[in-house]
Number of protein chains: 2
Amino acid sequence: MGVTIKDVAKKAGVAPSTVSRVIADNPRISLETKKRVRKAMKDLGYHPNFNARNLAVRSSQAIGVIMPSSADKALQNPFFPEVLRGIGAYAHKTEYSLYVSTGGNEEEVFEEVKRMVNGNRVDGIILLYSRIADPVQQFLIEKGFPFVIVGKPQEQENEITYVDNDNVKASKELTNHLIDLGHEHIAFIGGAPELTVTIDRLNGYKTAIKEANLELPAEYFAHAEFLKSGGRDAVEQLFALDIPPTGLVVADDLMSFGVISTLEELGLSCPEDVSITSFNNLYLSEITTPPLTTVDIQIYMLGFQSARCLIERTKNKEEPVKRIIVPYEIQYRQSTKELDGKNR
Amino acid sequence: MGVTIKDVAKKAGVAPSTVSRVIADNPRISLETKKRVRKAMKDLGYHPNFNARNLAVRSSQAIGVIMPSSADKALQNPFFPEVLRGIGAYAHKTEYSLYVSTGGNEEEVFEEVKRMVNGNRVDGIILLYSRIADPVQQFLIEKGFPFVIVGKPQEQENEITYVDNDNVKASKELTNHLIDLGHEHIAFIGGAPELTVTIDRLNGYKTAIKEANLELPAEYFAHAEFLKSGGRDAVEQLFALDIPPTGLVVADDLMSFGVISTLEELGLSCPEDVSITSFNNLYLSEITTPPLTTVDIQIYMLGFQSARCLIERTKNKEEPVKRIIVPYEIQYRQSTKELDGKNR
DNA sequence: ATGAAAGCGCTAACAA
DNA sequence: TTGTTAGCGCTTTCAT
């Protein structure tokens, strides 16, 4: 099957190399022949074979996108399709394709990465997660293979290109909002503690609390899974304390839903009894009850920019290491309210 | 860069073709040499170049996954990462890679498909949506290119391999559940009306209503977008009717959240005032208030099976057209309750 | 401005 | 059981 460059060459009465040049829009080919060749291509329904092309130029015009392993339900987070959409937009623009590795366990993810890299399937990789001591990251660094992280690397921050929000600042701002509303007992519920994003958001929270000279008991940091049971445990523990919090900084909208649900089971309601703030501004956070006060981290933009960095880098070896901080914007909605007398 | 098959051959003292055979685990190579070659591969850190391989065998060991265009927010539906996970699981097992096309507008999606197909980037395609008069589907059929649909084709049902649930039956069962609970005024809220899935679920609903000899006023079918405003419009209209429904069959969990939210704004609550049933059993539907009575359509399995069909097909031209119906299971939770006196 | 020819790294007849 | 050789379809020197 398949009409090749030779067929086109024959039909247009030129050499294959000329056809190749026409494809590349080489300026040293006369407009005359270009037209003739293009017509031949069209008539024959010619489409370049990418495997052949890639073999010849040793590149693949494709980038790999690595999702975290899906031991938990984290992958059901709409965050992923949304970054993917951002990445896809830039990739499409530049005629790159997207290879994705979707979860499985950690080992499988690693295997996928190795397949992509070793098999020359992709020119670069985007990591959709960042955590401490990640063998994948280590592998990529050792190979000197181009990659960018959506999020912030835990180590070697200056040698890795990454696209992130200022999570520390955002988290601090969120916490301060609660403080401004009169809350004095504010707890933090984060995701997996080895994720950089959790660490940063926890730090921002801590900073704000300290600066306001509020108490910061160790029992006020909880880590919940996205899974219901996990979230419930965290909330139950928190609200069984002598002084339960009246304000919550939660690291992810999806977790907030679980938290609100558990609160209701405990007979507490949001925002009357406890104010909740969180992160991501998923489409969902606008339509639930109550709508969430949350940080819009611009997921799409995170994806778009990461693709841009990576593709620019694969096109130009000299492109320097970059750090791109995507601005965030807090959406104030109904999950937070001024602390009223009875709770003080 | 890159150590090639020749290097390995030289080091092992054999011909390149022998190395190739070892890679393919050809049975006519002595165990002796296999071992020697494998050692050489390991010592040299050899990895086959897939572009070269694919060029030689005219295949790519990759499948394309096409998401719907993302004009709306539909892509934020956790359905997608979840099917992707299922597809990825089977793909990984069989050492296939995944190419994805993520949204953009319809034209861009189509371009992506053409790129994948014409450029020999993939051996087959999985369509994650199905709707009437889809140019992509048409293109694939004309080309005779292997593809499978997650969902049900609108035309040429017998010539296309697809993986779906029995949506008609599920929807009927859901509706009957409401009827059994005493509801007599049941409305349907679907997604985009050109999607097959919407059509099927609407039909199941209608059938149940008719069989129970209940009324079926035209105003009882609403179509909502995933976007909040759309869902709100539908709900507001429905509940402004002379006889507002007390039961709802909603085509997607995500839409149900919007519906519940709008209801609350109207001063109605679920399940006290209106019972809601829906589809998908997203992780979310379990943790919100109230937890949803919803059809578990086994999203992961839909993905897994579609990948299986497609990969089996690409491996064997003779593989017949298939239809796979993944069983569903209704999860009864708290969004539905017996109609009490006051609402009759 | 264009052509000839040598690869890119691998597979697959065909020989031996 | 293994080696030789001719491609797969494209790009890219090097000539002309």
Side-chain angles (χ1 to χ4, degrees), chain A residues 1-38 40-41 44-62 95 115-123 315, chain B residues 1-38 40-41 44-62 95 97 115 117-123 315:
Chain A
M1 52 169 273
V3 19
T4 81
I5 214 171
K6 278 187 190 169
D7 303 324
V8 177
K10 199 166 293 174
K11 171 124 184 170
V14 297
S17 50
T18 302
V19 178
S20 174
R21 287 183 183 111
V22 173
I23 294 170
D25 205 20
N26 187 317
R28 326 193 287 197
I29 297 290
S30 73
L31 213 72
E32 197 67 3
T33 29
K34 270 190 188 173
K35 271 184 186 157
R36 216 167 64 249
V37 171
R38 291 216 174 94
M41 299 201 303
L44 264 39
Y46 169 78
H47 292 281
N49 178 319
F50 274 80
N51 282 316
R53 171 168 205 289
N54 295 337
L55 176 58
V57 302
R58 283 169 219 71
S59 104
S60 58
Q61 290 267 76
E95 305 214 290
R115 254 207 273 165
M116 287 185 183
V117 174
N118 291 328
N120 271 278
R121 287 170 193 263
V122 300
D123 294 343
K315 283 186 171 165
Chain B
M1 51 169 276
V3 19
T4 82
I5 215 171
K6 279 187 189 167
D7 303 323
V8 177
K10 200 167 292 173
K11 171 125 185 171
V14 297
S17 53
T18 302
V19 178
S20 174
R21 287 181 184 114
V22 173
I23 293 170
D25 205 19
N26 188 315
R28 326 192 287 196
I29 298 288
S30 73
L31 213 74
E32 197 67 1
T33 30
K34 270 190 188 173
K35 271 182 187 158
R36 217 168 62 249
V37 171
R38 291 217 174 95
M41 300 200 304
L44 264 39
Y46 168 79
H47 292 281
N49 178 319
F50 274 81
N51 283 315
R53 172 168 204 288
N54 294 337
L55 177 58
V57 301
R58 283 169 216 71
S59 106
S60 58
Q61 291 267 75
E95 305 214 290
S97 291
R115 252 206 276 166
V117 174
N118 290 328
N120 272 276
R121 286 170 193 265
V122 299
D123 294 344
K315 283 186 171 165

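Only heavy atoms go into these numbers, but all of them, side chains included; no hydrogens, no water, no symmetry mates. On a predicted model such as this, the values are computed, not experimentally measured, just so you know. Lettering follows sequence order; numbering is per chain, from 1.
Straight-line distance from the CG atom of A/N26 to the P atom of C/dG3: 13 Å, rounded to whole Å. Regarding B/R121, its CZ atom lies at a distance of 14 Å from the C1' atom of D/dC10, rounded to whole Å. Protein atom NZ of A/K6 is 14 Å distant from nucleotide atom C1' of D/dT11, rounded to whole Å. Rounded to an integer number of Å, the gap from CD1 of A/I29 to P of C/dG3 is 8 Å. Rounded to a whole Å, the CG atom of B/N51 is 14 Å from the P atom of D/dG9. To the nearest angstrom, P of D/dG7 lies 17 Å from CG of A/L55. To the nearest angstrom, P of C/dG9 lies 15 Å from CG of A/N118. Protein atom CG of B/N49 is 18 Å distant from nucleotide atom P of D/dC8, rounded to whole Å.
For the OP1/OP2 pair of C/dA1 and a distance below 4.0 Å, the side-chain nitrogens and oxygens of A/R28 include no atom meeting the criterion. One finds a side-chain N or O of B/S20 lying less than 4.0 angstrom from the OP1 or OP2 phosphate oxygen of C/dT11. The shortest distance between the side-chain N/O atoms of A/R53 and the OP1/OP2 oxygens of D/dT11 is below 4.0 Å. Dashed line: the shortest gap from a side-chain N or O of B/T18 to OP1 or OP2 of D/dG3 is under 4.0 Å.
B/V14 comes within 4.0 angstrom of the backbone, heavy atoms only, and of no base.
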task = Show your reasoning for whether salt bridge (charged side-chain N to carboxylate O under 4.0 Å, His left out) applies to A/D25 and A/K34.
result = CA-CA 8 Å; A/D25 205 20; A/K34 270 190 188 173; 2.9 Å; yes

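Annotation: of the two residues near DNA chain D, B/V57 and A/I23, the 5′-most nearest-nucleotide partner is B/V57. Residue whose closest nucleotide on DNA chain C sits further toward the 5' end, between A/T33 and B/I5: A/T33.
The line from CG of B/L44 to CD1 of B/I5 is 12.5 Å long, rounded to the nearest 0.5 Å. Going from atom OG1 of B/T33 over to atom CZ of B/R38 covers 9.5 Å, rounded to the nearest 0.5 Å.
Evaluation of atom-type donor-acceptor distances gives a pair under 3.5 Å for the side chain of A/S17 against the base of C/dA4. Under 3.5 Å, the side chain of B/R21 and the base of D/dG3 form at least one donor-acceptor pair of N or O atoms.
The nearest pair of heavy atoms linking A/N51 to B/S60 is ND2-CB, 4.4 Å.
Of the possible polar contacts, one joining the B/R115 side chain to the A/E95 backbone as a donor-acceptor pair under 3.5 Å is found.
Set against C/dT2, D/dT12, D/dC8, the side chain of B/R58 has D/dC8 as its closest nucleotide.
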